[in-house]
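Comments concern the structure below.
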Amino acid sequence: MSLRRPLWAAAALALAAALCTSPAQAAETFPFRDPSLPLNQRIGDLLGRLTLDEKVSLLHQYQPAIDRLGIRMFKTGTEALHGVAWSTDYDANGAVVTASGTVFPQAVGLASTWDPDLIKRVGSAVGDEARGYNAENPTVWGLNLWAPVVNLLRDPRWGRNEEGYSEDPTLTGAISTAYGSGIQGDDPDHLKAAPTLKHYLANNNEIRRDTTSSNLPPRVKHEYDEAAFKPAISADAATGVMAAYNLVNGRPSTVNPDLNDVVRTWTSRDLLNVSDAGGPNNLTGSEQYHTTQAEADAATLKAGLDSFTVDDNRGGPTVTAVKAALSQGLLQESDVDTAVRHILSIRFRLGEFDPDGGPYAAITKDVVNSPANRKLARETAAKAAVLLKNSGNTLPLAPGKKVAVIGPLSDVLYTDWYSGRLPYKVTPLAGIKERAASVTSSEGVDRIALKDVATGRYITGGTGDAGADLKAGATTAGDTEKFDVFDWGQGVVTLRSVANGRYVSRANWSTLVNNQEQPTGWFVQEQFKLEKQGDGSYLIRYAGHETAYDWFGPNTYVKAAADGTLSLTTVAEASRFAKEVVDSGVDDAVAKAKDADVAVVVVGSMPFINGREDHDRTDMNLAEGQEALVKAVRQANPNTVVVLENSYPTTITWEQANVPAILWTTHAGAETGNALADVLYGDVNPAGRLTQTWYRSAADLPDILDYDIVQRDRTYLYFNGDPLYPFGHGLSYSAFRYQGLRATPKGDGYEIGVKVTNTGSRAGDEVVQLYTHQRQSRVKQPVKQLRAFQRVSLAPGGSTTVTFTLPKADLALWDVTRNRFAVETATHDVMVGSSSGDIRQRTTVDVRGEKIPDRDLSTTTRAIDFDGYSGVDLVDETKARGDAVAGSRGDWIVFEDVDLKRKPVRVTAGVASIGGGSFGLRLGSPTGKLVATVPVAATGDVRTWGTATASLSGASGVKDLYLVFTGDLRIKDLALTR
């Protein structure tokens, strides 16, 4: 819901601001307001002037004003994923206020540019607009921005795929660093705005997202998930992280000690770490991890979170809980001071306590949706587009062609949950109309009327933007009785009323109304299914997102009362309707396609329906009706171009085999149509590249909750199958030749150089990608791994030598035997090309590193530092820190290459078990020689640890040692001794 403050309220706010001027000016005499002093001294001065109550009040997301010091209210959390999106209004009880500024392509589209310089410019524009909104209304528009999302796109079914950048940490790190740097600005001491990375850590599923645990073995954690967050933090291109909802190895991310122990080691700057909305309350709610909120909030602060995003604009519960924690000795005032210091550090860097507001204070609302930003949005959307296929030089289109623009997304632009409102719209149809000599169009959707079989009366909608409650009242089907049916897959459709162009919604939570501009909201109430019955009639099933929740109940079917009023009831009580097709969308599209030189079919997703926050996708297919439309148009006109507009990999295997040209774009904002036309007509030579593997089938993927990309062969790093499109794929209207790859030792690494020549007839960009593969290793290595990339522009016939620096340290793996990164002595393949599947040149380098020694289990070794496993879960050792392994009968972990030459005779393990159990040690395999059986006594609780010991015999040499569970228990560590 979006609210706008009336004029009188704005005037009152301005008056209040004026009345606060005197205290603020008086307070300028305090040292903390002196910009010439060192930052730490200024923070210390202000911190020392605050009472304990005042400090505690600053821990909530809405930090109240402290009038006696002239300090204004400060809020964390303005959403700015691909443009300033929305914020919440303290004065309206936390109601959402939506921005109407520059909307850039969705985040996955920003990354598909593979152009950090461009994305830094985008980030800078977003930072400018955040400042502009803040200048107008600082109560609503804070300068702590919750963006970018750097969670890796390891599973394309993730509902929030549109929010992330890539399945690869190197690409994700480069794009997030660029975006964050742009948002912050280039001043070394001040921030234009403060970007916060989301969501730490391993947050890549929406199903039960606040109670599922992401199992991260150490290599996956360090080499993959942490590697996405580290670059922006270590480059000082982000000012903190947001903790995720999920658990990691059994511990809620809200109390993950890595927020302090790891994240803060990546930079010397203070970080302001925040919780996700409601996260601290989940600890006592859905997660049942702590008994009282005082315990939960104390653990949250000690783990490294500084700001509590809970209870909307009500800071009272947080203050009460933290004070209780202090009185109970769960927290010390120094713990509060640490968090407040982090908070104040960012506020100081934003210029809040400088007399002139700092170097960015002069930015005004004039920057919002400025001509320069609109131009940048168009440039970015065009550079983000990926040409997936182009056989027979179908593209670019010749200007004189007659074009049929077809499809459910051909004349509409959709926003998503994390985008602002579009101040104007250039649809694909509008963009092509600016170029083509002659254009016809068809949305390719059926126009229908729905008649109550029992009464013969048609469902009728209202006119005007407000629409009206739908009723079964008319005896004939005029425009108010007609609806356009948009297919979004798996039976879900939306119904757009012809009477007013608005979508049918259950927006008032009772009757059905034709009043929505687009499907939207947390619970998307514009979704229906038309379920055909055996007699040819249809049931209308309401399929809004909230129906998946237990509280919704069985009333999901439409019933028409005697007076025609529609309501929801059970399937048994539902009315039956005749579906009369007034106009066939496919027939209209085929007729338009036959009469054109070329057909451009725009299909794809609706961002609020086909996967978004709180809703994962369960398949990767194009909607059935949309694919049928593509097939029909292709048969009618062989010269067909498909524009796929969505936010995730899609299994378009038929289209790849049968359609001459396919162009992919995200939902790319107001300039989408102009950008598509720029690419389709060749004004922009496409050079976007995919940031994820596009699979041929969901069968290529394991369960979405399985986070071990190494063991499960996930992402391009480990996938051995044949993808539909490989990571890094994207075509051009030009051709590029690679020559003379060389890898030269330089310093503590290598300089990689390759000559790239544009052999085509038009200027174009090539994204040169550097990959490596380690041939020999103690552990399973990626098939190939992106190390660096450059997007270069070349004139026809032009050449350039692209040079990369490859530090030897980048080739390190996480050594579980010693808990550190290590570079092994090995031969590495060095490969360059235009995608991970299109390698043009290769060479090798012999890297001098070290040999990882055989495992020494004579000293205590953590159980989680295994080399392999089956069936186990990774769990928390204590609620504060530490990892352990939980297993039951038949589960196992293995420690490879264990040095048993000293012939150990005893095993000692740290164990926990409610009912007791045992485990065995076996050599060579889970069923190999049994060398020890270790009984485990009940400890009474899974986090109450005891010691289990047993004799060990027959172990010698260097062997793989399997620890096989024969009861339900946890193991945190073990040692083999003489």
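Please read all numbers here as calculations on a predicted model, not as lab measurements.
The aromatic ring centres of Tyr695 and Phe719 sit less than 6.0 Å apart. Here the two rings, on Phe727 and Trp114, have centers that are under 6.0 Å apart.
With hydrogens and angles left out, the side-chain atoms of Arg762 and Ser734 include no donor and acceptor closer than 3.5 Å. Inspection of the Gln106 and Tyr418 side chains reveals no N or O donor paired with an N or O acceptor under 3.5 Å. Between the side chains of Glu434 and Tyr681, no donor N or O sits under 3.5 Å from an acceptor N or O. Donor-acceptor pairing under 3.5 Å is recorded for the side chains of Thr618 and Gln490. A donor atom on one side chain and an acceptor atom on the other are found under 3.5 Å apart for Glu167 and Thr693. Between the side chains of Ser647 and Asn161, no donor-acceptor pair of N or O atoms lies under 3.5 Å. Side-chain atoms of Arg634 and Asn658 form no donor-acceptor pair, as typed in the model, at a separation below 3.5 Å. No donor-acceptor contact under 3.5 angstrom links the side chains of Tyr414 and Glu645, judged on distance only.
A salt bridge is absent between Arg842 and Asp829; no separation between the charged side-chain nitrogens and carboxylate oxygens falls under 4.0 Å.
Inter-residue side-chain proximity for Arg689 and Gln769 is flagged as met; some heavy-atom pair is nearer than 4.5 Å.
Other residues, nucleotides and ligands place no more than 12 heavy atoms under 6.0 Å from the CD atom of Gln635. Counting non-hydrogen atoms of neighbouring residues, nucleotides and ligands closer than 6.0 angstrom, the NZ atom of Lys529 exceeds 12 such neighbours.
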Original post:
Run the salt bridge (charged side-chain N to carboxylate O under 4.0 Å, His left out) check on Arg435 and Asp683 step by step: do they pass?
Top reply: CA-CA 11 Å; Arg435 306 299 183 86; Asp683 291 343; 2.6 Å; yes
**OP:** Would you please test Tyr165 and Gln692 for side chain to side chain donor-acceptor pair (under 3.5 Å) and show each step?
**Re:** CA-CA 9 Å; Tyr165 289 137; Gln692 293 174 265; over 6 Å; no
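For the atom pair CG of Asp168 and OH of Tyr771, the computed distance is 7.5 Å after rounding to the nearest 0.5 Å. The distance from atom CD1 of Ile432 to atom NZ of Lys401, rounded to the nearest 0.5 Å, is 14.5 Å.
Listed by chain and number, the residues in a side-chain contact (heavy atoms from CB on, under 4.5 Å) with Arg502 are Asp465, Asn500, Glu517 (sequence neighbours excluded).
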